[in-house]
Amino acid sequence: MSDTFLVTGAHGFIGRHVARDLAKKGLRVIGIGHGDWKRDQWREWGIADWYLADVTMETLIAHAGIPTGVIHCAGGGSVGYSVTHPHEDYLRTVSTTASLLEFLRLHAPNATLVYPSSVAVYGNVLRLPITETDPVAPVSPYGAHKQMAEQLCASYARSFGLRIAIVRLFSVYGNGLRKQLLWDACSKISNGELVFSGTGGEQRDWLHVDDAAGLLALALNHASRDCPVVNGGTGSGVTVAQVLREIVTAFGSRGAVRFSGQTRSADPLAYVADISRACVLGWNPAKQWQEGVREYVDWFRAGAH
């Protein structure tokens, strides 16, 4: 049997793109997680076998076999949800990571593991761009739980010799994402609403999901007992106001976007990645944010909502 690669949370936005990227490379992919989709649907994303189950020691033993590599996309995916449901977010992010690491230690110690972490671990930063050696000080439960998962990964790599890499993803977007800024903005602008929270000056590093999936797949080749950490971004900051203006233009709407000035404490003002380490691995983001945003608007207008 050919080598098998496991993607946890493969039904999710990032997980399904990771599965497709691996499958395009000719690899056999299996998925475990939440999401009751039909066989033809998960097959379209390159998944050879899909198991609807929580990520636990028991389900991994039952379904994962002895994978060659794992990309652990299961976990919480929303700062807002983590604030209103911190315990559930902990279980989704930290507990699943602990179960996976213990499974690998006992049953697949030679597998490589990539953990998709988040820019949220950095919290409010003092300088841009952000490097991997900058302090981590998350300001949301989501970021804190990602940091805990990172610490577990580093501990298992150090103590048990597991080969692991961590990729801190910045603002991942793309067709199919039905939450966060682009989805909310398209929903409002399509109804003629042009007032948004915040100041518009909030800055983010927008990474297209296809580029994110490619980096996660590449990181499998660089996982080691040193548990390297790399940023996943574009290295360029774009303000919320710029993104919203691009969406308004793509909609052909009239009128100017306005901002309430009200911000959330869990949302730092600026994130831009230093991607030097990722580039050294041989990776470079391909999608320009303007192109990606226009594609997203086209997808939304075609009936995604």
(message) Grouping I, L, V, M, F, W and Y whenever their side-chain heavy atoms are under 4.5 Å apart, do V7 and V209 come out in a common cluster?
(response) yes
(message) Under a plain distance cut-off of 3.5 Å, with no hydrogens placed, do N124 and Y271 share a side-chain donor-acceptor pair?
(response) no
(request) Give me the ring orientation class for H63 and Y51: parallel if the planes are under 30° apart, tilted from 30 to 60°, perpendicular past 60°. (result) parallel
(request) Verify whether one side chain among D134 and T131 offers a donor that lies under 3.5 Å from an acceptor in the other. (result) yes
(request) Could you tell me whether the side chain of W206 and the main chain of G233 form a donor-acceptor pair under 3.5 Å? (result) no
(message) Does atom CZ (R105) have a neighbourhood of more than 12 heavy atoms from anything else shown, all under 6.0 Å?
(response) yes
(request) Mind telling me whether W183 and W299 have parallel, tilted or perpendicular rings, with 30° and 60° as the class edges? (result) tilted
(message) Any donor-acceptor pair under 3.5 Å linking the side-chain atoms of R163 with those of S224?
(response) no
(request) Output yes when a side-chain donor or acceptor of S155 lies under 3.5 Å from a complementary backbone atom of Q151, and no otherwise. (result) no
(request) Kindly write out the residues that satisfy side-chain contact (heavy atoms from CB on, under 4.5 Å) with R277, not counting sequence neighbours, or none if the list is empty. (result) E132, T133, V229, V230
(request) Decide, yes or no, whether a salt bridge links R28 with D49 under the criterion of side-chain N to carboxylate O below 4.0 Å. (result) yes
(request) Determine, using the 4.5 Å side-chain heavy-atom cutoff (strictly less than), whether I247 and Y173 are members of one ILVMFWY cluster. (result) yes
(request) Start with the C-alpha gap between D210 and R20, add the side-chain angles, then the distance that decides, and say whether salt bridge (Lys or Arg N to Asp or Glu O under 4.0 Å) holds. (result) CA-CA 10 Å; D210 289 342; R20 184 171 65 183; 3.6 Å; yes
(request) Go through the side-chain N and O atoms of S171 and D205 and say whether any donor and acceptor fall under 3.5 Å apart. (result) no
(message) Students often mix this up, so state it plainly: with edges at 30° and 60°, are the rings of H72 and Y115 parallel, tilted or perpendicular?
(response) tilted
(message) For the CD1 atom on I66, are there more than 12 heavy atoms of other groups (residues, nucleotides or ligands in this structure) within a distance under 6.0 Å?
(response) no
(message) Let me check something: do W42 and V70 share a hydrophobic cluster, defined by ILVMFWY side-chain heavy atoms less than 4.5 Å apart, either directly or through other members?
(response) no
(message) What I want to check is whether the side chains of S99 and E102 have a donor and an acceptor closer together than 3.5 Å.
(response) no
(request) Determine, using the 4.5 Å side-chain heavy-atom cutoff (strictly less than), whether I30 and W45 are members of one ILVMFWY cluster. (result) no
(request) Over 60° means perpendicular and under 30° means parallel, so classify the ring planes of F160 and Y156, tilted if in between. (result) tilted
(message) Pairing donors with acceptors under 3.5 angstrom, does anything connect the side chains of D54 and T56?
(response) no
(message) When you measure from the side chain of E202 to the backbone of T199, do you find a donor-acceptor pair of N or O atoms at a distance under 3.5 Å?
(response) yes
(message) Using modelled atom types and a 3.5 Å cut-off, is there a donor and acceptor pairing between side-chain atoms of H107 and backbone atoms of F103?
(response) no
(message) I'd like to know whether NZ of K25 has more than 12 heavy-atom contacts from other residues, nucleotides or ligands below 6.0 angstrom.
(response) yes
(request) Establish, yes or no, whether the cationic atom of R301 lies under 6.0 Å from the six-membered ring centre of Y296 and within 45° of the ring axis. (result) no
(message) Donor-acceptor pair, distance only, cut-off 3.5 Å: does the side chain of K146 make one with the backbone of V94?
(response) no
(request) State whether the side chain of S190 and the backbone N or O of S187 hold a donor-acceptor pair below 3.5 Å, judged by distance alone. (result) yes
(message) Looking at N231 and D274, would you say the former's side chain and the latter's main chain have a donor-acceptor pair under 3.5 Å?
(response) yes
(request) Could you tell me whether a side-chain N or O of T8 sits under 3.5 Å from a main-chain N or O of C73, the two making a donor and an acceptor? (result) yes
(request) Check the side chains of E150 and S117 for a donor-acceptor pair under 3.5 angstrom, ignoring hydrogens and angles. (result) yes
(request) Classify the side-chain pair T249/E246 by whether it contains a donor and acceptor separated by less than 3.5 Å. (result) no
(message) A quick test of your reading: do over 12 heavy atoms of other residues, nucleotides or ligands sit less than 6.0 Å from CD of E88?
(response) yes
(message) Donor-acceptor pair, distance only, cut-off 3.5 Å: does the side chain of K287 make one with the backbone of D211?
(response) no
(message) Quick check for you: to the nearest 0.5 Å, what is the distance between L182 atom CG and E295 atom CD?
(response) 11.5 Å
(message) Can you tell me how the ring of H11 sits relative to the ring of W37, calling it parallel under 30°, perpendicular over 60° and tilted otherwise?
(response) perpendicular
